[in-house]
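Okay, structure first, notes after.
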Amino acid sequence: MTSDDRWGSVHADQDASGDADADELAQLLAMAGGADDSGSGPGGGALADALSQGVTTGPTDDRSGHEPDDAEALAALRAVEAELDERWPETRIAPSLDRIRALVEVLGDPQRSYPAIHVAGTNGKSSVTRMIDALLTRIGPRTGRYTSPHLQRVTERIAIDGAPISARRYVEIYQEIAPFLGIVDRAQGDGPKLSKFEVLTGMAFAAFADAPVDVAVLEVGLGGTWDATNVADAVVAAITPIDIDHVNYLGPELGGIAAEKAGVIKQGAVALMAEQSPEAAKVLLERAVAMDAEVARSGMEFGVLGRDVAVGGQQLRLQGLGGEYDDIYLPLFGEHQAKNAALALASVEAFFGAGASRKLDIDAVRDAFASVRVPGRLERLRSAPTVVVDAAHNPHGARAAAAAVREEFSFRRLVGVVAILGDKDAEGILAALEPVLDEVVVTAVSSPRAMDADELGSLAVGYFGADRVVVETRMDAALETAIGLAEETDDPDTPFAGAGVLVVGSVVAAGEARTLLGREPQ
């Protein structure tokens, strides 16, 4: 199938293998990756024209090609992960793009074979990335999505056509680039070798080029300027709310954190900014001016015009760059997710060059948002009692989760299961959660970075009081205890349906809870 089948007037002939030749690929990239002579925006003239004429609401064929993971593939995946785990972990960073630049160079700079949308910020990056991916997929382009960290299985990080690649494909990609890893490592001399995150980023770039995808949506791992994903020169940069986090790497000052994250705004790009503190906004705008980038801001050029709580999510009216979009159902909870949706919508509009005279197809937009799934973000995993998991791992995220629980759930009794990593602001997280939790079961996750359960319990007593705190050393025991506490009542006729359990505190905690409750990676 050619691109003409998906985008109408936008096409590139392909050979029998499905690959566009160099001239045709260059033509397609010129249309999809940079502003044309008329200055229609980073989406390019041909894509914008196709958009204004009414694009399709999604591909008409099944392009996923994802096979189920069998025992052999999973065993091979574990072997690859064991090998990758010998490298520097994602929690150890030597700020430099030299290593990842060397890797992509020997791989043939795969990140330059497609345009990219880059998502940075403190909280909401994964949600915005998945929303952008869903919007693009429903409109037509073939997408590659790179996110981090994963909840349950590392293959979640690299997605094509909206679905994680298979374990078998993950192993194949690693095997294909493995010989080049040694070349780059040896070139570093006595300096740091490629980290695990740098290798994973190179794998994602290579997988997207091999697919091939028409556009990549990249979530920053940590920071921005020195993040491995930043070797891609994205035509659109979406910046989610910036707050204090990763202070051991980014520092304790909001301005400094914003400066690091602003590094994803590239020359001539479009920068979409979520609502920011004045200090962070000033830094982001200064970077945009220096890069001659266009800017659109939440609450000004785009935003949420209205939202109502709905069954399983919320109903939205959004202001985009091209006008209003109404009757949008989003199966996610919380005002923060509504704002994430507005940011994602504006980012996709900017990619296609939308403006006052151009809107995205409303049916495609409605279909895309209705299809969005963001595992571990106020995700309901069971009923009676209800168990909800959220990957909030800093005070800003915990406050958003608490506000959403207070506004959109009606629990007669809510018990928290809280597990926090040792380098996080545990007291800030506990303080944010205390008003919405009747009791809390603190525990530890199976990570070397996990805060000790007894230590976390001592901190929790300071906010909840000893009579509201239970300590369990394992997540399975903590879940069992919390469910039992939620079901407790003085009235045997009280239905379990009014009780709830909220698992929160880290991405690892959300992932372990999903696994224990039988959910597959997404």
Side-chain angles (χ1 to χ4, degrees), residues 57-58 117 119 121 123-139 143 145 147 151 159 162-163 217 219 238-241 272 274-275 296 298-299 301-351 354 359-381 386 388-392 396-397 399-410 502 510 519 522:
T57 59
I117 298 175
V119 183
N123 290 311
K125 296 192 299 293
S126 290
S127 295
V128 171
T129 299
R130 283 177 175 262
M131 291 176 188
I132 291 172
D133 188 18
L135 283 163
L136 290 169
T137 298
R138 292 312 184 277
I139 290 170
T143 61
R145 184 184 75 221
T147 56
L151 288 176
V217 190
E219 177 188 352
I239 314 295
T240 70
L272 291 306
E275 294 178 10
S298 178
E301 289 80 15
F302 66 92
V304 180
L305 297 176
R307 58 182 294 267
D308 296 298
V309 175
V311 176
Q314 53 193 310
Q315 205 74 20
L316 306 177
R317 184 162 62 94
L318 303 177
Q319 174 65 52
L321 303 179
E324 290 188 17
Y325 298 79
D326 62 0
D327 198 24
I328 305 296
Y329 174 69
L330 180 68
L332 301 172
F333 298 101
E335 182 182 12
H336 61 294
Q337 292 291 18
K339 293 179 178 179
N340 286 339
L343 178 60
L345 175 64
S347 300
V348 175
E349 286 183 302
F351 177 79
K359 286 178 63 176
L360 300 179
D361 180 85
I362 185 61
D363 291 329
V365 171
R366 288 171 178 159
D367 184 43
F369 279 122
S371 74
V372 169
R373 299 293 181 270
V374 187
R377 273 68 180 182
L378 285 178
E379 180 186 19
R380 190 193 303 262
L381 297 183
T386 297
V388 176
V389 300
D390 193 85
H396 182 272
R399 288 192 296 270
V405 166
R406 185 184 300 110
E407 177 183 354
E408 301 184 30
F409 294 86
S410 298
L502 174 65
R519 293 302 179 97
Q522 292 184 335

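What you see below is based on every heavy atom in this structure, not just the backbone, and it leaves out hydrogens, waters and symmetry mates.
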Would you say the side chain of Leu305 lies within less than 4.5 Å of the side chain of Leu318, judging by non-hydrogen atoms?
no

Taking all heavy atoms of Gly303 and all of Ser298, pick out the closest pair and write down the distance.
CA-OG, 4.4 Å

Take Ile239 and Leu272, measure what side-chain contact (heavy atoms from CB on, under 4.5 Å) needs, and give me the verdict at the end.
CA-CA 6 Å; Ile239 314 295; Leu272 291 306; over 6 Å; no

For Ile117 versus Ser347, what's the shortest heavy-atom pair and its separation?
CD1-O, 4.4 Å

Nearest heavy-atom contact between Asn340 and Gln337 is ND2-OE1, 3.0 Å

Spacing of Glu219 atom CD and Thr129 atom OG1 [to the nearest 0.5 Å]:
4.5 Å

Is there a side-chain contact between Val388 and Glu379, using heavy atoms and a 4.5 Å cut-off?
no

State, without any angle test, whether Gln314 and Arg307 hold a side-chain donor-acceptor pair at a distance under 3.5 Å.
yes

Hey, does Leu345 have a side-chain heavy atom less than 4.5 Å from the side chain of Phe302?
no

Step by step, work out the side-chain contact (heavy atoms from CB on, under 4.5 Å) result for Leu343 and Ile132.
CA-CA 9 Å; Leu343 178 60; Ile132 291 172; over 6 Å; no

Any idea which heavy atoms bring Thr240 and Gly121 closest together, and the distance?
OG1-CA, 3.2 Å

I'd like to know if Arg317 pairs up with Asp308 as an ion pair, taking the criterion as any Lys NZ or Arg NE/NH1/NH2 lying under 4.0 Å from an Asp or Glu carboxylate oxygen.
no

Side chain to side chain, Asp361 and Ile139, heavy atoms closer than 4.5 Å
no

Side chain to side chain, Lys339 and Pro241, heavy atoms closer than 4.5 Å:
no

Side chains of Leu136 and Val348: closer than 4.5 Å at any heavy-atom pair?
yes

Tell me, with the steps shown, if Ser127 and His336 meet side-chain contact (heavy atoms from CB on, under 4.5 Å).
CA-CA 10 Å; Ser127 295; His336 61 294; over 6 Å; no

Is the backbone of Val309 close enough, under 3.5 Å, to the side chain of Glu408 for a donor and an acceptor to pair up by distance?
no

So Gln315 and Asp327, side-chain hydrogen bond (donor to acceptor under 3.5 Å, both in side chains) or not? Walk me through it.
CA-CA 6 Å; Gln315 205 74 20; Asp327 198 24; 2.8 Å; yes

Do Met131 and Asp133 pass the side-chain contact (heavy atoms from CB on, under 4.5 Å) test, and can you show the C-alpha distance, the side-chain angles, and the key distance before you say yes or no?
CA-CA 5 Å; Met131 291 176 188; Asp133 188 18; over 6 Å; no

For Arg373 and Pro375, which heavy atoms make the closest approach, and how far apart are they?
O-CD, 3.6 Å

Just how far is it from atom CG of Leu330 to atom CZ of Phe369, taken to the nearest 0.5 Å?
7.0 Å

Interatomic spacing from OG1 in Thr386 to CZ in Arg380 - rounded to 0.5 Å:
4.5 Å

With sequence neighbours excluded, what pairs up with Phe333 under the ring pair (Phe, Tyr, Trp, His ring centres under 6.0 Å) test?
Phe409

For Ala364 and Arg138, work out which heavy atoms get closest and say how close.
O-CB, 3.8 Å

In Å and rounded to the nearest 0.5 Å, what is the CG to CZ distance from Leu360 to Arg366?
12.5 Å

